[in-house]
Amino acid sequence: MSKKIKLKIVDTLNKLYNSFEGVDSLIIEVNRTTDTSHGDLYTNVAMKLAKLLKRSPMLIAEEITKNIGAMDSVEKIEIATPGYINFFLTKSNKFNELNRIMSDDLIILKENNKKNVHIEFVSANPTGPLHIGHGRGMVVGDITARFLSYQGHSVNREYYVNDAGRQIDLLLVSVLLSYLNKEDHIFSDEKESDEGLLVTYKGLYIKDVSNIISSVLKDIDSQKVLSLLNEPIDALIKFLKKHKNYLNIRKSLVDVIINDYIKEDLSSVNISFDSWYFESELYKTGLLKQILIDLDNKNLSYKKDGALWFKNTKFGEEKDRVLVKSNGDMTYFATDIAYHAHKFKHYDLLIDIWGADHHDYAARLTNAMKALGYDVDNRLQIHLIQFANLIRGGESISMSTRSGNFYPLQDLVKEIGCDATKFFYLTKKKEQHLEFDVDLAVEKNKNNPIYYIQYAHARIKRIVDDLKQQVIEKEVLNNLNTKNENQLIELINLYQDTVNKSIREIRPDIITNYLYKLSQVFHSYYAETKIISPEIKGEKIVLIKCVDKIILNGFQLLDIEPMDVM
RNA sequence: GCGUCUGUAGCUCAGCUGGAUAGAGCGUUAGCUUCCGAAGCUAAAGGUCAGAAGUUCGAAUCUUCUCAGGCGCUCCA
């Protein structure tokens, strides 16, 4: 509708002010009003013209209004100080939208330029169950993938598994200690001091893991292991790495963590991945080596203090960064460069969903990929997700994996349910810090937004079911005229644009907020108006069915299950 | 110190491609059940949009600076 009006305005301006310079390059805006007393749509074009024409905006507005001619669906046009032109749309135009939605005719705008998109998210180290610290990135990553595919892109969700780094060795040591009933052992060089950080993993799941892979662990010489316990931890790791079955042991361990823990956690929130890429592949295929050679060829690395460094300062950054440590180990940076090179080969667009604490690292990686000749400006997006602070009983819940003192994701899901978990993580845009009130999410009252929306659906469902057998009077939508009815109609008319904005900008919070607002007006309407009355008014049924349709559609887009009965 | 995100009602947040009187929910206060689910509804009070300057006919929105908070500035992951 706003497009039609825009065209009309352009015509009118051409007719009236053709001779003035700059008029044809003017950007015509037709937007929704914030107040229904100003009509439905307005344009500020008269105010913009005032300067070019050197005349008062009110006079220009008047002139445009006189010359614009009649339009379908526009009931009247008004002007208002200091120069707004307000368009009032006809009721029937708005009712058309109700009918359109009832006939399942929502249009999700597809992207013309369809891409092969790779999205990497979660990618937590496979060292234990996922916890609430992973929750937000996981849910946001999943919704990002969904929204991109709604846009028409082909999307591959991948979990990058760090199965070759030091953390896995530490996990192996932890599991081995448990196998030997030495789970409380602390190595002499474990840093326990400052922030209570431990090096080995102490969670309760370690015992279970050691049981599951005991047949593999028994191949390790336990006498030798015990004899190394009083040495620094690296002596033991060195010994393990020399074991002839080291790679197989490591693989069994990682497989257990992924299959028995991480995949379970993911399925508890109905999230799944299309592919799993293992860091160890980068070693096996030689990709990692090749990247280091490439960097060297481009003169982007150098040796210092026994380590290999990337010339990050060349890109305006503060300091250079290590690629290969002096002990020969790769840093995450090096493997990530290789991994991204791999992704660039197979996909048009790469998206990484990372915690906001990685923003510095994001710049570093972007620099490196750019230096290697990849078009990072158009093909690499790193979405940084701000932290979520989970609060229960007025206190923050901590989330460290290593100490074992963490709050598993599955506990949260058990506590508040899969849908509430998702919904709460999606209510804020990603750059906003999120206060996640766990107590609120389990409440069964209007304070809890997800509950409130579900409740609206349940109420409508009940009415519709009750009416199944009854004869309903023919719909005359024109009878809808109360304040709440008008508000619902306005909101319904906004839904199509809301959805498209939400999907285009990858902003699920726009939908969650909309649904909440819609439910609010519905509950108000419900309390005020009796839908089922002796002579049943069909138009009211159409109205609430339409509300329900939108709730169900919004839930579907967000992958949330509606509850018919609360 | 540098980088980055944030700052809107007591609390949690919308609004940000500049537009008309800055909006919700919670909390507070006062009301509402012969009737489709009161797990609800209605209403009131509550604001220097962190501060300052600038651009503009017009700024919560754009620019610059200042202040405050989160996060990051490891051969950590």
Side-chain angles (χ1 to χ4, degrees), chain A residues 27 29 31 33-35 37-38 42-44 46-48 50-51 56-57 80-84 86 123-125 127 162 165-167 170 191 197 199 304-309 316-334 336 355-364 384-387 389 391 401-402 427-437 440 443-449 451-452 454-456 458-467 484 509-510 512-514 516-517 520 523-533 536 540-541 544 565-566:
Chain A
I27 297 166
E29 291 175 69
N31 291 318
T33 57
T34 45
D35 187 332
S37 71
H38 301 134
Y42 76 93
T43 180
N44 56 7
M47 288 178 279
K48 287 187 164 184
K51 205 172 190 181
S56 114
T81 47
Y84 295 103
N86 294 329
S123 296
N125 273 335
T127 54
N162 289 110
R166 180 169 173 81
Q167 292 309 311
L170 293 173
K191 272 187 262 164
L197 279 183
V199 173
K304 193 184 105 189
D305 303 333
L308 186 69
W309 297 72
E317 299 293 323
E318 218 170 292
K319 42 184 109 171
D320 291 337
R321 297 292 169 175
V322 171
L323 293 159
V324 185
K325 302 182 203 173
S326 53
N327 69 359
D329 284 354
M330 296 291 162
T331 59
Y332 270 55
F333 184 35
D336 263 348
D357 52 336
H358 282 63
H359 73 260
D360 192 51
Y361 187 72
R364 198 185 309 171
L384 298 172
I385 314 296
Q386 287 296 332
F387 275 25
N389 187 22
I391 295 171
T401 312
R402 199 167 283 154
T427 51
K428 303 283 179 289
K429 47 187 171 236
K430 64 181 190 302
E431 46 282 286
Q432 182 72 249
H433 297 254
L434 171 64
E435 297 281 319
F436 191 144
D437 188 337
L440 177 63
E443 278 181 32
K444 295 198 166 184
N445 57 47
K446 62 167 298 194
N447 302 0
N448 176 353
Y451 182 84
Y452 194 64
Q454 294 277 23
Y455 187 37
R459 276 179 149 176
I460 296 171
K461 180 92 168 77
R462 168 66 67 87
I463 294 174
V464 172
D465 285 352
D466 284 355
L467 282 172
N484 279 328
D509 58 291
I510 291 177
T512 56
N513 283 327
Y514 172 91
Y516 188 59
K517 173 78 185 160
Q520 221 171 299
H523 284 303
S524 174
Y525 179 53
Y526 179 92
E528 163 203 85
T529 309
K530 185 120 172 77
I531 310 287
I532 300 178
S533 56
I536 299 161
K540 292 181 183 169
I541 313 288
I544 63 162
V565 180
M566 312 293 295

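When reading the values below, keep in mind they use all heavy atoms of this one structure, side chains included, and skip hydrogens, waters and symmetry mates. So that the names make sense, note that chain A is the first sequence line, chain B the second, and so on, each numbered from 1.
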Inset, instruction - Go through RNA chain B and write down every stem, that is, every run of at least three consecutive Watson-Crick or G-U wobble pairs with distances under 3.5 Å, as range with range. - result: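 The stems that RNA chain B takes part in, listed by first number, are B:1-7 with B:67-73, B:10-13 with B:23-26, B:28-32 with B:40-44, B:50-54 with B:62-66.
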Euclidean distance, atom [atom1] of residue [X] to atom [atom2] of [N] [Å, nearest integer]:
X        : N      : atom1 : atom2 : result
A:Leu440 : B:rU12 : CG    : P     : 13 Å
A:Leu384 : B:rU4  : CG    : P     : 12 Å
A:Gln386 : B:rG72 : CD    : P     : 11 Å
A:Glu435 : B:rG70 : CD    : P     : 12 Å
A:Arg321 : B:rC75 : CZ    : C1'   : 11 Å
A:Gln454 : B:rA39 : CD    : C1'   : 13 Å
A:Asn44  : B:rU61 : CG    : C1'   : 15 Å
A:Met330 : B:rC76 : CE    : C1'   : 17 Å

Would you measure the distance from the [atom1] atom in [N] across to the matching atom in [M] and give it in whole Å?
N      : M      : atom1 : answer
B:rC26 : B:rC73 : C1'   : 38 Å
B:rU66 : B:rA30 : C1'   : 44 Å
B:rU34 : B:rA14 : P     : 40 Å
B:rU56 : B:rU42 : C1'   : 42 Å
B:rG54 : B:rG46 : C1'   : 32 Å
B:rU8  : B:rG23 : C1'   : 10 Å
B:rU6  : B:rU61 : C1'   : 16 Å
B:rC67 : B:rC11 : P     : 23 Å

Inset, instruction - At under 4.0 Å between heavy atoms, which parts of nucleotides 20-28 of chain B does protein reach? Answer with one letter per nucleotide, 5' to 3': B base, S sugar-phosphate only, - none. - result: B---SSSS-
Closest non-hydrogen atom pair, [X] against [Y]:
X        : Y        : answer
A:Thr43  : A:Glu29  : OG1-O, 2.8 Å
A:Lys530 : A:Lys540 : O-NZ, 3.9 Å
A:Leu384 : A:His359 : CD1-CB, 3.3 Å
A:Asn448 : A:Glu443 : ND2-O, 2.9 Å
A:Ala307 : A:Val322 : CB-CG1, 4.3 Å
A:Ile541 : A:Ile531 : CD1-CG2, 3.6 Å

Legend entry - For A:Glu317, side chain to side chain contact (heavy atoms under 4.5 Å, CB included) partners two or more places apart: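 A:Glu317: side chain to side chain contact (heavy atoms under 4.5 Å, CB included) contacts with A:Asn312, A:Asp360, A:Ala363, A:Asn367.
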Legend entry - Any residue meeting side chain to side chain contact (heavy atoms under 4.5 Å, CB included) with A:Asn125, in chain and number order, not counting sequence neighbours: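 A:Asn125 satisfies side chain to side chain contact (heavy atoms under 4.5 Å, CB included) with A:Thr127, A:Asn162, A:Gln167, A:Tyr332 once adjacent residues are dropped.
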Legend entry - Base B:rG72 paired with A:His358 side chain (donor-acceptor, <3.5 Å):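 No such pair is found, so the answer is no.
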Inset, instruction - Using only heavy-atom distances, decide whether a donor-acceptor pair under 3.5 angstrom links the side-chain of A:Ser326 to the base of B:rC75. - result: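 In this structure, the two groups form a donor-acceptor pair.
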With the criterion being N/O to N/O and under 3.5 Å, what pairs connect the protein with nucleotides 35-37 of chain B, and how long is each?
residue, atom, partner, partner atom, Å
B:rC35, O2', A:Lys530, NZ, 2.8
B:rC36, O4', A:Lys530, NZ, 3.1
B:rC36, O2, A:Ile531, N, 3.3
B:rC36, O2, A:Ile532, N, 2.9
B:rC36, N3, A:Ile531, N, 3.0
B:rC36, N4, A:Tyr526, O, 2.3
B:rC36, N4, A:Thr529, O, 2.4
B:rG37, OP2, A:Arg462, NH1, 2.3
B:rG37, O2', A:Tyr455, OH, 2.5
B:rG37, O2', A:Arg459, NE, 2.9
B:rG37, O2', A:Arg459, NH2, 3.3
B:rG37, O6, A:Met566, N, 3.3

Legend entry - A:Lys51 vs B:rC57: side-chain N/O to OP1/OP2 distance below 4.0 Å: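 So the side chain of A:Lys51 is within the cut-off, an N or O lying under 4.0 Å from OP1 or OP2 of B:rC57.
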Inset, instruction - Assign each of A:Lys304 and A:Asp360 to its nearest nucleotide of RNA chain B by heavy atoms, then name whichever residue's nucleotide is nearer the 5' end. - result: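 Here A:Asp360 is the residue nearer the 5' end.
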Legend entry - First encountered from the 5' end of RNA chain B, between A:His523 and A:Lys429: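 Of the two residues, A:Lys429 wins.
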Inset, instruction - Fit a plane to each ring of A:His523 and A:Tyr452, take the angle between them on a 0 to 90° scale, and name the class: parallel (under 30°), tilted (30 to 60°) or perpendicular (over 60°). - result: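 Tilted: the ring planes of A:His523 and A:Tyr452 meet at 30° to 60°.
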Do [X] and [Y] come close enough that some side-chain heavy atom pair is under 4.5 Å?
X        : Y        : value
A:Thr512 : A:Asp509 : yes
A:Lys325 : A:Thr331 : yes
A:Tyr516 : A:Thr427 : no
A:Tyr526 : A:Ile544 : no

[X] has a side chain; which of [options] sits nearest to it?
X        : options                : value
A:Lys444 : B:rA39, B:rC13, B:rG40 : B:rA39
A:Lys325 : B:rA77, B:rG72, B:rU6  : B:rA77
A:Asn31  : B:rU17, B:rC71, B:rC73 : B:rU17

Inset, instruction - For B:rU33, decide between syn and anti, treating a glycosidic angle within 90° of 0 as syn. - result: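 You should classify B:rU33 as syn.
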Inset, instruction - Identify whether any heavy atom of A:Gln432 sits under 4.0 Å from a base atom; if not, whether one sits that close to sugar-phosphate; answer base, sugar-phosphate or nothing. - result: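 If one applies the 4.0 Å heavy-atom cut-off, A:Gln432 turns out to touch the sugar-phosphate alone, with no base involved.
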Inset, instruction - Assign A:Asn162 to base, sugar-phosphate, or nothing according to its heavy-atom contacts below 4.0 angstrom with the strands shown. - result: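 Here A:Asn162 touches no strand at all.
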Inset, instruction - Identify, with sequence neighbours excluded, every residue that meets side-chain hydrogen bond (donor to acceptor under 3.5 Å, both in side chains) alongside A:Tyr514. - result: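 With neighbours one apart ignored, the set is empty.
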